[in-house]
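These numbers were taken from a predicted model, which means no experiment stands behind them.
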Amino acid sequence: MTRLTDAFAALSGPRTPSVPASPRQTARPAAPAAPRVVPGQKVPPAGPNRPAALNAPYGVPYDAADMWGQHTRAWVPPLWSADTELNPWRDRIVSRVRDLVRNDGWAAGAVTRTLDNAMGVNFHPISKPDYRALAHMTGNPAFDAKWAREFGRAVDARWRTWANDPGRYNDSQRMLTFGQQANLSFRHLLVDGDALTTLPWMPERVSRGRAQYATTVQVIDPDRLSNPQMFMDMSRMRGGVELDYAEAPIAYHIRRAHQGDWYNAAKSVEWERIERESSWGRPQVVHMFEHHRADQHRGGAGMLAPVVQRLKMLTKYDSTELDSAIVNAIFAAYIESPYDHQMTAEALDSPTGGGFDSGRWAGQLAWNAGRDLSLQGARIPMLYPGEKINAVTAARPNSNYADFQAAVLNNVASGMGLAPMQVSNDWSKVNYSSARGALLEAWKTLKRRREEFAIGWAAPIRIAWMEEAMEVDDLPLPRGAPDYIDARAAYARCQWMGPGRGWIDPVSEKQGSILAMDGGLSTLEKECAENEGADWEENVHQRALEIETFKELGIPLPEWTGTETTENTERKPEAE
């Protein structure tokens, strides 16, 4: 019988090469002879030992891959894509996080602290047009630093009239300034994991005494971004985000009303499809979220998502501790009777049928009646024979409460990228060095969050607004300047300003700033922006105005006007 391997070889054809191999190529090397073992000689091992993990059995090379150990055999999380592991659970995660932020002081304080340090309510741009790129693009040397300064001042002045309009015409709902809209969107990003905004065009509002620009901003609740009719995610639709062949977002499907609005029930089951941008590239929808994985198209896991369970446990612990303290405060002591259960039953059920009016119970009541003696305001307890007073004591280990709370808050702070004292607001156990080190690390995260938000949310809005400003305003432009649509990245380039880092020790840290500027390691612009969140040009102009006022009034100029050398600033006030 022909073997299966022979039949397969016959069907597949000959495997020998078309060119015969030389005898040198076909000859196999002779197998090495087995080593001769001398009696009494120690035989060396055949080869190196097979590598194994520290704890995993059965030769698993990584402890993380162990499937039989008692610590990891029940730990089998699913391996899903970014959208699959988040979108189906997004609503549940967000609803729990929002409940914590509404009702838990630690969660609400952490979100507020992040908002105050990273965003504030005066988030604004300082124009930095890329004049080098424009000069290279056009070959026009008129695009220089002097033009960039003049152009930037004009653009910033017009931006302020739009962003801080008292009539709030920058907001489609006419309630918030641009800085407040940025704060609200950043809050959605922290809590919900998404910041969603549309840019409606409202020319009907433009008139004398009303809006100066038709560009408006509308902050959308991220809950409204979803698949039409709540269909499951598909290859071209993920959580309300419509994708093209390369999985790039091209449109967004937004409910006309929130699904929880019973008064807008009809609109809550209608979806509006809004394209990401117009045919010429003007942004129409701005969707910003932190990308934690590739191929991710929705947010939903905000800043508090990794620590939801720990915060919930701490909330329960706080409530239980408070309830126990209240119970202890109400029931400070109790009187213990010498009677057992049988005697108490006999006292309550007298053989004579008298009930509470006879027997031992009646004797106790008669004894305690009217025993209200005191000595100089202090009461004297007089007990029935056999009774004694016992104090209520806590049976729980409340002495560990502070340590447990601190450990949980440290975990929460680490997960949110904040310093522990920023979450607990307890600065009693830190010194200058530890506080400064912790806040510097937290500042890196806060600054990164702000810069990502500026890139993903604020920059598209500025691009859309500047398109209209370049058309309706008389901005300084040299001859042969390219159209805005051809060089909008260069025209709209700017630096976004938020709250400054501040100082822990103002004297020492300001001295360090002066030394850095004198040594050429920093600039006034950088120091003003980093530490105070201020515009250095405004500071310099204000300083010139104040110096001129001193001179007009004949007041001697103080040291800060620069009339003396900076050597005086290198000494601390207490050292003089």
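- The main-chain N or O of Ala133 is found under 3.5 Å from a side-chain atom of Asp130 such that the two form a donor-acceptor pair.
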Would you sort out whether Thr114 and Met303 count as a side chain to side chain contact (heavy atoms under 4.5 Å, CB included), showing the intermediate values?
CA-CA 10 Å; Thr114 304; Met303 181 179 67; 3.9 Å; yes
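- Classification of Asp99 and Arg102 as a salt-bridged pair holds, one side-chain N sitting under 4.0 Å from a carboxylate O.
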Residues Arg158, Asp165; criterion salt bridge (charged side-chain N to carboxylate O under 4.0 Å, His left out); working and verdict:
CA-CA 10 Å; Arg158 285 160 175 77; Asp165 189 346; over 6 Å; no
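- A donor-acceptor pair under 3.5 Å is absent between the side-chain atoms of Thr198 and the main chain of Val285, judged by distance alone.
- Pairs engaging residues 73-110 under the ring pair (Phe, Tyr, Trp, His ring centres under 6.0 Å) rule: none recorded [sequence neighbours left out].
- With a 4.5 Å cut-off on side-chain heavy atoms, Leu190 and Arg449 count as touching.
- The pair Glu451-Arg448 fails the salt-bridge criterion, with no side-chain N (NZ, NE, NH1 or NH2) lying under 4.0 Å from an Asp/Glu carboxylate O.
- Between Arg90 and Asp223, at least one side-chain nitrogen of the basic residue sits less than 4.0 Å from a carboxylate oxygen of the acidic one, meeting the salt-bridge criterion.
- Residues Pro499 and Trp443 come closest through the heavy atom pair O-CH2, 3.6 Å.
- Listed by chain and residue number, Glu85 satisfy the salt bridge (charged side-chain N to carboxylate O under 4.0 Å, His left out) test with Arg293 (two or more places apart in sequence, or in another chain).
- Under the side-chain hydrogen bond (donor to acceptor under 3.5 Å, both in side chains) criterion, Glu272 pairs with no residue, sequence neighbours left out.
- Evaluation of the side-chain hydrogen bond (donor to acceptor under 3.5 Å, both in side chains) rule for Tyr213 yields Asp473 as partners, not counting sequence neighbours.
- Looking at every heavy atom in both residues, Met119 comes nearest to Asn183 through CG-CA, 3.9 Å.
- With Arg224 contributing its side chain and Arg255 its backbone, the two residues share a donor-acceptor pair below 3.5 Å.
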Side chain to side chain contact (heavy atoms under 4.5 Å, CB included) evaluation trace for Asn227 with Met232:
CA-CA 7 Å; Asn227 294 339; Met232 295 181 63; 5.8 Å; no
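- Proximity of a side-chain donor or acceptor of Arg493 to a complementary backbone N or O of Lys128 within less than 3.5 Å is detected.
- Residues that satisfy the salt bridge (charged side-chain N to carboxylate O under 4.0 Å, His left out) test with Arg187, not counting sequence neighbours, are absent from this structure.
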Step by step, would you call Thr177 with Asn164 a side chain to side chain donor-acceptor pair (under 3.5 Å)?
CA-CA 5 Å; Thr177 64; Asn164 301 322; 4.8 Å; no
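- Between Ala118 and Arg450 the shortest heavy-atom distance is O-NE, 2.9 Å.
- A donor atom on one side chain and an acceptor atom on the other are found under 3.5 Å apart for Asp104 and Thr315.
- For residues 204-214, no residue pair satisfies the salt bridge (charged side-chain N to carboxylate O under 4.0 Å, His left out) rule, not counting sequence neighbours.
- In this structure, Asp233 contributes its side chain and Gly239 its backbone to a donor-acceptor pair below 3.5 Å.
- A donor-acceptor pair under 3.5 Å links the side-chain atoms of Asn410 to the main chain of Ala406, judged by distance alone.
- The ring pair (Phe, Tyr, Trp, His ring centres under 6.0 Å) test applied to Phe453 returns Phe186, Trp457, not counting sequence neighbours.
- With sequence neighbours excluded, the residues forming a salt bridge (charged side-chain N to carboxylate O under 4.0 Å, His left out) with Lys447 are Glu530, listed by chain and number.
- In this model, no donor atom of one side chain and acceptor atom of the other lie less than 3.5 Å apart for Ser268 and Asp261.
- When the shell of 6.0 Å around CZ of Arg168 is examined, it contains more than 12 heavy atoms from other residues, nucleotides or ligands.
- Taking the six-membered ring for Trp, Phe123 and Phe178 have ring centres at least 6.0 Å apart.
- Counting only residues at least two apart or in different chains, salt bridge (charged side-chain N to carboxylate O under 4.0 Å, His left out) contacts with residues 174-186 are absent.
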Sequence neighbours left out, cut at 3.5 Å: what donor-acceptor pairs do the side chains of residues 274-281 make with other protein atoms?
unit_1	atom_1	unit_2	atom_2	d
Arg276	NH1	Pro249	O	3.3
Ser278	OG	Arg282	N	3.0
Trp280	NE1	Glu467	OE2	3.0

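- Listed for the Thr216 side chain is no donor-acceptor partner under 3.5 Å among the backbone atoms of Asn170.
- For His188, there are no ring pair (Phe, Tyr, Trp, His ring centres under 6.0 Å) partners at least two apart in sequence or on another chain.
- Pro88 and Asp83 get closest at one heavy-atom pair: CD-O, 3.7 Å.
- Side chains of Asp171 and Gln181: a donor-acceptor N/O pair is present below 3.5 angstrom, by distance only.
- Ala459 and Trp496 get closest at one heavy-atom pair: N-CZ2, 4.2 Å.
- Listed for the Glu468 side chain is no donor-acceptor partner under 3.5 Å among the backbone atoms of Trp465.
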Start with the C-alpha distance between Trp271 and Ser226, add both sets of side-chain angles, then the distance that settles side chain to side chain donor-acceptor pair (under 3.5 Å), and finish with yes or no.
CA-CA 9 Å; Trp271 276 259; Ser226 58; 3.1 Å; yes
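- Distance alone, capped at 3.5 Å, is enough to place a donor-acceptor pair between the Trp162 side chain and the Thr215 backbone.
- Taking the six-membered ring for Trp and thresholds of 30 and 60 degrees, Tyr491 and Phe151 have ring planes inclined between 30 and 60 degrees apart.
- Heavy-atom contacts from other residues, nucleotides or ligands closer than 6.0 Å to CE of Met67 number 12 or fewer.
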Would you check, one step at a time, whether the test side chain to side chain contact (heavy atoms under 4.5 Å, CB included) holds for Lys444 with Leu440?
CA-CA 7 Å; Lys444 295 177 184 177; Leu440 284 177; 5.6 Å; no
Take Val286 and Ile461, measure what side chain to side chain contact (heavy atoms under 4.5 Å, CB included) needs, and give me the verdict at the end.
CA-CA 8 Å; Val286 180; Ile461 297 176; 4.2 Å; yes
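- No donor-acceptor pair closer than 3.5 Å links the side chain of Ser185 to the backbone N or O of Ala182.
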Which atom pairs, donor and acceptor, lie under 3.5 Å between side-chain atoms of residues 240-248 and protein residues at least two apart or in another chain?
unit_1	atom_1	unit_2	atom_2	d
Glu242	OE1	His253	NE2	2.9
Glu242	OE1	Arg273	NE	2.8
Glu242	OE2	Arg273	NH2	3.3
Asp244	OD1	Ala246	N	3.0
Asp244	OD1	Glu247	N	3.1
Asp244	OD1	Ala248	N	2.8
Glu247	OE2	Arg238	NH2	3.2

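- Under 3.5 Å, the side chains of Asn431 and Ser434 contain a donor-acceptor pair of N or O atoms.
- Looking at heavy atoms from C-beta onward, Val412 lies out of side-chain contact with Leu418 at the 4.5 angstrom threshold.
- Look at Arg298 and Asp194 and you find a salt bridge, because one of the NZ, NE, NH1 or NH2 atoms lies within 4.0 Å of a carboxylate O, short of that distance.
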